[in-house]
Number of protein chains: 2
Amino acid sequence: MVETTRRREIEDVASSLFRERGYSGTSVRDIARALDIQGASLYAHVASKQDVLWAIVDRMATRFEAAADAALEVADAEPDADPGTRLAALVRAHVGVITDDVERASVFVHEWRSLSTERRAEIGRRRDDYERRVRTLIAEGSATGTFTEVDPVVAAAYLLTAINGIVSWYRPDGRVRPETLADAYADIALRSVSP
Amino acid sequence: MVETTRRREIEDVASSLFRERGYSGTSVRDIARALDIQGASLYAHVASKQDVLWAIVDRMATRFEAAADAALEVADAEPDADPGTRLAALVRAHVGVITDDVERASVFVHEWRSLSTERRAEIGRRRDDYERRVRTLIAEGSATGTFTEVDPVVAAAYLLTAINGIVSWYRPDGRVRPETLADAYADIALRSVSP
DNA sequence: CCTACCGATCGGTAGG
DNA sequence: CCTACCGATCGGTAGG
């Protein structure tokens with residue numbers, strides 16, 4: 001599957017450039033240059049610049065969804081599963097997806113606005129669904145007294161923008177280890193809704 | 001000062017477009033069209049597209065700095081000034097600057113990367129200074145036992161990305177009132193570092 | 001603030 | 001994956 005690895009290389013390079021300069025600020029030639037091929041040659045592998053963006057964003061959306069599903073499933077399997085455990089598991093999973101691939105994660109967080117109208121709408125829906133899960137989780141914790149009384153909409157916005165904000169500063173070769181970060185963020189998040 | 005108001009109109013329109021489509025995704029003609037003038041006519045008022053971006057970003061940087069200064073000064077004047085009061089005041093001030101002008105704030109948060117090398121470096125320094133103040137505040141609270149023991153770097157990153165994240169979802173005509181938001185955010189922020 | 005215009009670059013296609 | 005090429009648009013200038 002030469003085709004597949006080349007596509008992946010293109011996505012890697014594009015993610016990195018999109019993160020640095022944005023989708024509009026990155027030309028097809030920029031991507032090609034990073035791969036040591038001619039601009040027009042890129043079209044042997046992709047249909048359009050837009051398709052590259054879509055591949056990155058769609059893949060990451062799926063990854064976030066899957067990670068949340070898996071984390072909540074595990075958390076629910078534990079005998080002492082409460083909203084706190086669930087929220088911590090969700091945060092840890094979300095942070096893990098980001099640190100595992102900051103470049104694509106950054107494109108997902110910031111560049112989905114450059115998607116074509118329909119694709120943008122789809123991602124908008126999926127983001128809404130995801131955010132709704134977080135809100136529900138917080139609302140449940142609030143209702144049972146595990147969490148303090150907060151506006152779930154505001155608290156979820158605070159939480160999600162904080163976590164997604166990792167894409168703006170995290171570097172894999174930096175001082176902060178992924179595991180440490182996941183723990184610290186789960187900790188802060190939990191404390192921020194504690195009574 | 002006709003010149004000044006026209007410049008302000010240009011900045012208003014540019015902020016709105018830069019927020020929606022990004023600096024690279026916005027053309028000089030887009031800005032001109034929103035003002036009902038010809039693309040080239042814009043150059044009667046501004047030297048370059050880059051200068052418009054700089055005007056917006058520089059103005060907002062100054063506003064954030066001034067708001068933080070004022071808030072901390074007031075907080076320190078109170079007899080029971082402790083790190084908690086100071087942090088709450090800082091958060092409220094920061095949120096206030098954002099809700100007061102989400103469009104420019106959004107450009108400040110997201111588009112400063114499109115600044116020319118030197119200007120980008122200057123804003124980088126000023127952002128670092130600002131972030132350092134937040135870290136110090138958190139570290140002081142940690143040391144005196146007002147706050148829990150946290151990594152000030154990680155906690156400050158969490159806090160600042162959460163607050164700046166307001167630019168990604170806040171709408172002046174939305175459900176959430178600016179004052180309510182400032183209170184709620186100060187509350188969550190304080191709780192997130194409480195023992 | 002306008003018209004007329006500039007060279008450079010854009011995303012993408014044709015045809016190998 | 002390359003060369004050659006396309007029309008459209010880019011930021012910006014000259015000269016009123």
Side-chain angles (χ1 to χ4, degrees), chain A residues 1-58 107 110-120, chain B residues 1-58 107 110-120:
Chain A
M1 289 277 150
V2 176
E3 179 68 357
T4 312
T5 54
R6 199 47 164 164
R7 278 274 328 202
R8 193 60 78 106
E9 280 178 330
I10 293 170
E11 272 187 49
D12 281 339
V13 156
S15 298
S16 172
L17 290 169
F18 290 169
R19 186 191 188 196
E20 276 174 47
R21 317 178 190 174
Y23 176 77
S24 305
T26 304
S27 75
V28 167
R29 266 101 181 150
D30 289 334
I31 300 171
R33 196 175 307 119
L35 293 161
D36 264 314
I37 59 173
Q38 294 300 313
S41 303
L42 207 71
Y43 290 90
H45 302 99
V46 303
S48 66
K49 184 186 165 190
Q50 172 72 211
D51 275 356
V52 178
L53 176 62
W54 172 246
I56 296 166
V57 173
D58 182 40
V107 174
H110 288 133
E111 305 302 328
W112 70 284
R113 289 161 180 279
S114 294
L115 249 20
S116 67
T117 315
E118 287 135 59
R119 288 168 165 176
R120 193 185 151 137
Chain B
M1 290 277 150
V2 176
E3 181 67 357
T4 311
T5 54
R6 199 47 166 163
R7 277 275 326 201
R8 193 58 78 106
E9 280 179 330
I10 292 170
E11 272 186 49
D12 281 340
V13 154
S15 298
S16 172
L17 289 169
F18 289 169
R19 186 191 187 196
E20 276 174 46
R21 317 177 190 176
Y23 176 76
S24 305
T26 305
S27 75
V28 167
R29 266 102 181 151
D30 289 335
I31 300 172
R33 195 175 307 121
L35 293 160
D36 264 312
I37 59 173
Q38 293 299 313
S41 303
L42 207 72
Y43 290 91
H45 303 99
V46 303
S48 65
K49 185 186 165 190
Q50 172 72 212
D51 275 356
V52 178
L53 176 61
W54 172 246
I56 297 166
V57 172
D58 182 40
V107 175
H110 288 132
E111 304 302 328
W112 68 285
R113 288 161 180 278
S114 295
L115 249 21
S116 67
T117 314
E118 286 135 57
R119 286 168 165 177
R120 192 186 151 135

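Chain letters run A, B, ... following the sequence lines, proteins first, then strands; residues in each count from 1. Quick note: numbers below take in every heavy atom, side chains included, and nothing from hydrogens, waters or symmetry partners.
- With rounding to whole Å, B:His45 atom NE2 is found 7 Å from C:dC1 atom C1'.
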I need a per-nucleotide contact map over nucleotides 5-16 of chain D, read 5' to 3'. Cutoff is protein heavy atoms under 4.0 Å; write B for the base, S for backbone only, - otherwise. B----SBBB---
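- Under the side chain to side chain donor-acceptor pair (under 3.5 Å) criterion, B:Arg113 pairs with no residue, sequence neighbours left out.
- As rounded to whole Å, 9 Å separates atom C1' of C:dC1 from atom CD of B:Gln38.
- Not a single side chain to side chain donor-acceptor pair (under 3.5 Å) links B:Glu111 to another residue, sequence neighbours left out.
- Every pair tested for salt bridge (Lys or Arg N to Asp or Glu O under 4.0 Å) that includes a residue from residues 36-46 of chain A fails, sequence neighbours excluded, so the list is empty.
- To the nearest 0.5 Å, the span separating CD1 on A:Ile56 from CG on A:Asp12 amounts to 8.5 Å.
- For A:Arg21, the side chain to side chain donor-acceptor pair (under 3.5 Å) test picks out A:Asp30, with sequence neighbours left out.
- Applying the side chain to side chain contact (heavy atoms under 4.5 Å, CB included) test to A:Val46 and every residue at least two apart in sequence or in another chain returns A:Arg7, A:Ile10, A:Leu42, A:Val52.
- Taking B:Glu9 as the reference, B:Arg6 meet the side chain to side chain donor-acceptor pair (under 3.5 Å) condition, with sequence neighbours excluded.
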Nucleotide-level pairing of DNA chain D, given in dot-bracket where Watson-Crick and G-U pairs need both distances under 3.5 Å and | marks other strands: ||||||||||||||||
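- Distance, A:Ile31 CD1 to D:dC1 P: 14 Å, rounded to whole Å.
- Annotation: salt bridge (Lys or Arg N to Asp or Glu O under 4.0 Å) contacts involving residues 40-49 of chain B, sequence neighbours excluded, are absent.
- To the nearest angstrom, P of C:dC2 lies 6 Å from CD1 of B:Ile37.
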